[in-house]
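Okay, structure first, notes after.
Letters A, B, ... are given to chains in the order of the sequence lines, protein chains preceding strands, and every chain is numbered from 1.
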Number of protein chains: 2
Amino acid sequence: MTVEGKEFIQALREAGLKVTQQRVALLSILMESTDHPNAEEIYVRVRGLDDSVSLATVYRTLSTLEEAGLVQRLNLENEPARFEITPAAAHDHLVDVDTGQVIELPSEEMNRLRNDIAAKLGYEIVSIHSFVRARKIKTSP
Amino acid sequence: MTVEGKEFIQALREAGLKVTQQRVALLSILMESTDHPNAEEIYVRVRGLDDSVSLATVYRTLSTLEEAGLVQRLNLENEPARFEITPAAAHDHLVDVDTGQVIELPSEEMNRLRNDIAAKLGYEIVSIHSFVRARKIKTSP
DNA sequence: AACGTAAATGCGATCCATTCGCACCTGTCA
DNA sequence: TGACAGGTGCGAATGGATCGCATTTACGTT
């Protein structure tokens with residue numbers, strides 16, 4: 001399930017969820033965030049649109065949306081979880097160990113490989129949780 | 001860096017770490033654990049060998065050993081981190097969503113692919129954090 | 001358009017995995 | 001064997017995330 005344009009209201013309905021102003025605010029913030037914010041950051045940004053939203057609701061809504069498949073949770077290490085709208089094209093993530101920046105990696109090929117390996121063991125994949133920590137290679141010092 | 005047999009004492013020395021009875025106890029427990037235990041579970045098992053070890057030391061030692069590359073931390077979701085001796089052959093993990101069991105997946109090919117993708121973007125991989133949640137396929141219902 | 005109900009929310013309290021502060025111990029190397 | 005950096009135990013603290021509960025709200029039904 002993917003959200004594009006302003007159809008996230010419809011996406012909420014299809015997921016059997018009530019369309020509340022808090023959810024709409026959160027989703028629209030998430031749509032325009034390309035930096036994989038965490039709950040606290042999302043909370044601050046959402047307050048800019050609607051100062052009635054509580055942090056508890058941000059957490060609850062993110063979990064609800066994750067369960068509905070509208071949102072993806074990134075559990076990196078030693079930092080609060082980050083979130084993104086479920087992307088149309090699946091991708092893994094690369095975390096720059098020096099800057100903390102998160103970069104999206106194309107991963108159709110990896111997914112195929114993962115599926116094959118899992119299938120060989122008699123499993124079907126439910127969800128993928130994969131990232132690498134990496135360092136930019138210095139080309140000319 | 002990998003630990004085999006009883007050479008973990010030497011491995012500690014090589015890492016510039018003091019060889020304390022707590023560390024030896026923890027490493028030997030970890031060597032004989034194939035089920036990816038978490039800190040609490042490791043604590044209980046280590047107490048069986050040496051009841052002077054504290055939970056704080058288990059956490060500190062695991063972090064120290066991880067930093068030294070002797071131990072690998074698995075951050076699964078919604079549960080405390082699990083640990084394993086750094087395996088000789090790199091592998092990803094599969095978590096059975098029904099049983100919680102952790103299965104090791106061969107992943108040389110995946111690692112090659114990951115390296116290629118990262119290299120193409122000018123990065124060298126520092127560490128890999130990858131697991132899939134999966135469900136056993138029913139063959140005959 | 002008002003109603004009834006289940007679902008959502010805000011607030012503050014709470015949980016719990018992990019880390020910290022600090023006084024005391026112990027490897028290690030001279 | 002003595003000095004000292006590094007390691008440890010204990011209990012307190014931290015901090016991300018969740019919960020309990022009273023109140024509000026969305027939305028299908030009159």
Using side chain to side chain contact (heavy atoms under 4.5 Å, CB included) as the criterion, point out the one residue from B/V132, B/L105, B/L94, B/I137 that pairs with A/Y123.
B/L94
Across the strands shown, which category fits A/L17 at heavy-atom distances under 4.0 angstrom: base, sugar-phosphate, nothing?
sugar-phosphate
For DNA chain C, whose closest nucleotide is more 5', that of A/K18 or that of A/R47?
A/K18
When rounded to whole Å, the CG to C1' distance for the pair A/L26 and C/dA8 reads 14 Å
The side chain of A/P80 lies closest to which of these nucleotides: C/dA17, D/dG9, D/dG16?
D/dG16
From C/dT18, C/dT9, D/dT18, pick the nucleotide closest to the side chain of A/Y59?
D/dT18
Which of the following nucleotides, D/dG16, C/dC11, C/dT28, is nearest to the side chain of B/V19?
C/dT28
Rounded to whole angstroms, how far apart are CG on B/N78 and P on D/dA17?
10 Å
A/R23 has an atom CZ; how far is it from atom C1' of D/dT24, in whole Å?
14 Å
Considering just the side-chain nitrogens and oxygens of B/S54, establish if one lies under 4.0 Å of OP1 or OP2 belonging to D/dT8.
no
Kindly say whether, by distance alone, the side chain of B/R60 makes a donor-acceptor pair under 3.5 Å with the base of D/dG6?
no
B/Q21 or A/T61: which one's nearest nucleotide on DNA chain C is closer to the 5' end?
A/T61
Rounded distance (Å) that lies between atom C1' of C/dT14 and atom CG of A/L55
14 Å
If I take atom CG in residue B/D50 and atom P in nucleotide D/dG9, what distance separates them, rounded to the nearest angstrom?
8 Å
When you measure from the side chain of B/T20, which nucleotide among D/dG11, D/dT18, D/dG7 comes out closest?
D/dG7
Smallest heavy-atom separation, B/L65 atom then B/L17 atom, equals CD2-CD1, 4.3 Å
Nearest to side-chain heavy atoms of B/R13, which nucleotide of D/dT8, C/dT9, C/dT28
C/dT28
Is there a donor in the side chain of B/T61 and an acceptor in the side chain of B/T64, or the other way round, less than 3.5 Å apart?
no
Please report the distance, rounded to the nearest Å, between CD in A/E66 and C1' in D/dT18.
14 Å
B/E79 has an atom CD; how far is it from atom C1' of C/dT18, in whole Å?
15 Å
Assess, by modelled atom type and distance only, whether the side chains of A/N115 and A/R112 contain a donor and an acceptor separated by less than 3.5 Å.
no
Whichever of B/S52 and A/N75 has the more 5' nearest nucleotide on DNA chain D, that residue is B/S52
Nearest whole angstrom, please: distance from the P of C/dA7 to the CD of A/E67.
14 Å
When you check the side-chain N and O atoms of A/D50 and A/Q22, is any donor under 3.5 Å from an acceptor?
no
For B/Q22, report the nucleic acid contact type (base, sugar-phosphate, nothing); a contact means any heavy atom under 4.0 Å.
sugar-phosphate
